[in-house]
Amino acid sequence: MKDPKTYYIKTYGCQMNELDTEVMRGQLERRGMTKVEEEAQADLLIFNTCSIRDLAERKVMGKLGLLGRRKNTDQIIGVTGCMANAKKATLFRKIPYINFVLGTNDYHKLNDVLDDVLATGQKGLGIQNKFSEELDYAGAKRDDKVKAYISIIRGCDKYCTYCVVPYTRGPEVSRSPQDIIHECKILADKGYKEITLLGQNVNSYGKDKPEWNCLFHDLLYQLDNIDGIERIRFMTSHPVDITRNLMEAIRDLPSMCEFIHFPIQAGSSRILKKMHRIYTLEQYLEKVDLLKKIVPNAALGTDIIVGFPTETHEEFMETYNIMKQIEYSVAFLYTYSERKGTPATRFKDTIPDDVKQERLHMLMDLQEGIYKKQRQALVGSTAEVLIEKRSSKDPRFLKGRTRCWKNTLIEGSDSLIGTLQQVRVNDFTNQTLLCELLHQEASLIS
Ligand code: SAH
Ligand code: SF4
Ligand code: F3S
């Protein structure tokens, strides 16, 4: 096989996969490879996959199937990510021209596996159950120059009955505070302004390493001290582990953004129990109340699954009513998708597709109205925006986000990219706030 010079990585799924792609890019570039913009031109093509719902898997399998028909025989093809862990070597049977399969806990071996495939022409496989802490995060190759994802904990120990993640990412493994701080300092020196701390459940941080004496909120206090990092966000958290200490950190630390993802999943306590979410609706609402007391301007995000096995119309309406009551500022809405090997398969997938779709659309319509009302209420107000880049859709505008994660468009010059600006909200579209700079650029220069 010829030594590959170019690569293309197609990334599916969540932010963890996006970061893992950046880490793999770093490794490939260190062996002298360069990224190309077209899949067909790449000597090495990697599919970094997701297994969270059936549709996510079908998308990749469809894509791999299509590729087989027009495969350029010199191209090396690898499958990485959660589907690699879920399907393991069976992928070679399903799609015989795949050259390697590398799971979420094996990326440190990428170059070795590639070398083996090149030397022997044999298939490469790496599927460890547990993350081994050898990954060179600091070598990640990022395109974004303003904000960066930082992994702080991998895996998940929560075992929600519907979810594949504990099986595809393995048990929780925290990354050492020294390592995290070191990486954040390097990024701050390079001019990065915002970091998003990543984990399936960032609030579990440090619990697997009691000897470090550093829980999630302790880590936040240390990161807030880093000069240059203006904003800290995190994704994502399990409501059970959202503590008063965390809420106080959000209140007290200047760089902590007042946005917190607080995924409820369902509004019925019976369904929550079957999901093994380990909180009741009442306990969830108590936490939301406490958060609102401690951080009154906090914006909340959520994930919701409709059509979980045995969910009645009345139970679905409990979800609907809670969404109406809480008015989340971000809501990711899904229909239940049965995943092989998860405990929820024993309940059977009882809700017909059309009922799931109907419930989903009811929530989407409700949330659309809430978004509109929230944006309308912001018109005339001022906000702090981190200017991220020029909009590719409409190059007259710069793109940025408020502290509470709202998308904004603002007219201004490229010199503002990477700066925090005060803006006034003048108008909105259904996705975005249209803003103007409060201090015009001329006055900034003079
Ligand atoms: N660790 C995160 C979620 C990761 S998965 C958390 O607990 O919040 C992202 C979202 O996908 C979940 O919150 C859930 O709403 C949804 N999801 C997970 N498994 C699913 C399934 N089998 N069917 C439908 N949605 C699912
Ligand atoms: Fe999945 Fe639950 Fe873990 Fe989130 S907390 S990744 S939903 S098992
Ligand atoms: Fe998908 Fe794995 Fe993320 S299943 S959502 S890529 S953790």
Side-chain angles (χ1 to χ4, degrees), residues 9-21 47-60 79-87 103-105 107 131 149 151-172 197-205 207 234-242 260-267 271-272 274-279 284 300-309 311 319 323 328 330-345 347-349 351 353 356-357 359-360 363:
I9 306 182
K10 176 115 181 93
T11 310
Y12 299 83
C14 64
Q15 293 92 344
M16 337 262 152
N17 263 15
E18 287 177 35
L19 174 59
D20 287 342
T21 289
F47 292 89
N48 195 11
T49 61
C50 172
S51 272
I52 201 79
R53 282 166 289 275
D54 185 46
L55 186 65
E57 282 195 353
R58 271 192 287 139
K59 264 195 215 159
V60 185
V79 174
T80 63
C82 287
M83 207 175 87
N85 296 72
K87 298 201 185 291
T104 57
N105 296 320
Y107 297 138
F131 184 63
Y149 292 133
S151 172
I152 64 164
I153 178 169
R154 292 180 78 101
C156 182
D157 290 349
K158 285 286 185 285
Y159 291 94
C160 302
T161 54
Y162 50 80
C163 184
V164 291
V165 172
Y167 314 98
T168 63
R169 297 222 159 223
E172 289 171 359
L197 307 175
L198 292 187
Q200 288 303 339
N201 181 16
V202 289
N203 314 91
S204 287
Y205 180 77
K207 289 184 187 166
F234 54 88
M235 274 298 240
T236 172
S237 26
H238 190 293
V240 155
D241 296 321
I242 294 179
I260 177 161
H261 199 62
F262 219 129
I264 188 170
Q265 307 296 356
I271 294 293
L272 287 170
K274 280 181 101 69
M275 288 178 162
H276 187 62
R277 286 296 284 182
I278 52 178
Y279 51 82
Y284 178 89
L300 293 182
T302 198
D303 292 354
I304 287 178
I305 300 175
V306 296
F308 188 78
E311 182 188 64
T319 305
M323 276 188 67
Y328 293 103
V330 177
F332 297 104
L333 309 172
Y334 308 106
T335 54
Y336 171 71
S337 167
E338 186 174 89
R339 309 312 290 132
K340 212 171 132 214
T342 59
T345 53
F347 306 137
K348 305 281 187 291
D349 191 0
I351 312 291
D353 269 349
K356 285 183 188 165
Q357 286 301 328
R359 292 180 186 173
L360 179 72
L363 294 190

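Note: hydrogens, waters and symmetry copies are ignored here, and every other heavy atom, side chains too, is used. One-based numbering, in listed order, for ligands and for the atoms of each.
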- Task: State yes or no: are the ring centers of Tyr334 and Phe308 separated by less than 6.0 Å?
- Result: no
- Query: Does the gap between the ring centers of Tyr328 and Phe262 come in under 6.0 Å?
  - Reply: no
- Query: Going by the atom numbers of ligand 2, which of them fall below 4.0 Å from some non-hydrogen atom of Cys163?
  - Reply: 1 (Fe), 6 (S), 7 (S), 8 (S)
- What atoms of ligand 2 come within less than 4.0 Å of a heavy atom belonging to Cys156? 3 (Fe), 5 (S), 6 (S), 8 (S)
Can you tell me how far apart [atom1] ([X]) and [atom2] ([Y]) are? Round to the nearest 0.5 Å.
{"X": "His276", "Y": "Tyr162", "atom1": "NE2", "atom2": "OH", "answer": "10.5 Å"}
{"X": "Met323", "Y": "Thr302", "atom1": "CE", "atom2": "OG1", "answer": "7.5 Å"}
{"X": "Cys14", "Y": "Leu198", "atom1": "SG", "atom2": "CG", "answer": "8.0 Å"}

- Task: Tell me, please, whether Phe347 has Lys274 positioned over its six-membered ring: NZ or CZ under 6.0 Å from the ring centre and within 45 degrees of its axis?
- Result: yes
State, with a plain yes or no, whether a side-chain heavy atom of [X] is found less than 4.5 Å away from one of [Y].
{"X": "Lys340", "Y": "Val164", "answer": "no"}
{"X": "Arg359", "Y": "Tyr336", "answer": "no"}
{"X": "Ile52", "Y": "Val165", "answer": "yes"}

- Note on the structure: for atom 7 (S) of ligand 2, nearest protein heavy atom and its distance come out as Tyr162 OH, 3.4 Å
- Query: Got the closest protein heavy atom to atom 4 (Fe) of ligand 2, with its distance?
  - Reply: Arg277 NH1, 4.4 Å
Mode of [X] contact toward ligand 2 - side chain, backbone, both, neither (heavy atoms, under 4.0 Å):
{"X": "Cys160", "value": "both"}
{"X": "Tyr159", "value": "backbone"}
{"X": "Pro166", "value": "side chain"}

- Message: Regarding Asn48 and Asp20, do their side chains bring together a donor and an acceptor under 3.5 Å, going by distance alone?
- Response: no
- For the residue pair Thr11 and Thr21, confirm or rule out a side-chain donor-acceptor distance under 3.5 Å. yes
- Which protein N, O or S atoms lie under 2.8 Å from atom 3 (Fe) of ligand 3? Cys14 SG
Would you mind listing each N/O atom of ligand 1 next to any protein N/O under 3.5 Å, plus the distance?
unit_1: ligand 1; atom_1: 1 (N); unit_2: Gln200; atom_2: O; d: 2.8
unit_1: ligand 1; atom_1: 1 (N); unit_2: Gln200; atom_2: OE1; d: 2.9
unit_1: ligand 1; atom_1: 11 (O); unit_2: Arg53; atom_2: NH1; d: 3.1
unit_1: ligand 1; atom_1: 13 (O); unit_2: Gln265; atom_2: NE2; d: 2.7
unit_1: ligand 1; atom_1: 13 (O); unit_2: Asp303; atom_2: OD2; d: 2.6
unit_1: ligand 1; atom_1: 15 (O); unit_2: Gln265; atom_2: OE1; d: 2.7
unit_1: ligand 1; atom_1: 17 (N); unit_2: Arg53; atom_2: NH1; d: 3.4
unit_1: ligand 1; atom_1: 22 (N); unit_2: Tyr162; atom_2: O; d: 3.0
unit_1: ligand 1; atom_1: 22 (N); unit_2: Ser337; atom_2: O; d: 2.8
unit_1: ligand 1; atom_1: 23 (N); unit_2: Ser337; atom_2: N; d: 3.0
unit_1: ligand 1; atom_1: 25 (N); unit_2: Arg53; atom_2: NH1; d: 3.2

- Query: Taking 4.0 angstrom as the limit, do Arg339 and Glu57 come out as a salt bridge?
  - Reply: yes
- Tell me, yes or no, whether the heavy-atom count around Lys158 atom NZ, taken from other residues, nucleotides or ligands under 6.0 Å, exceeds 12. yes
- Item | Test item, Arg169 contacting ligand 2 (heavy atom, 4.0 angstrom) | no
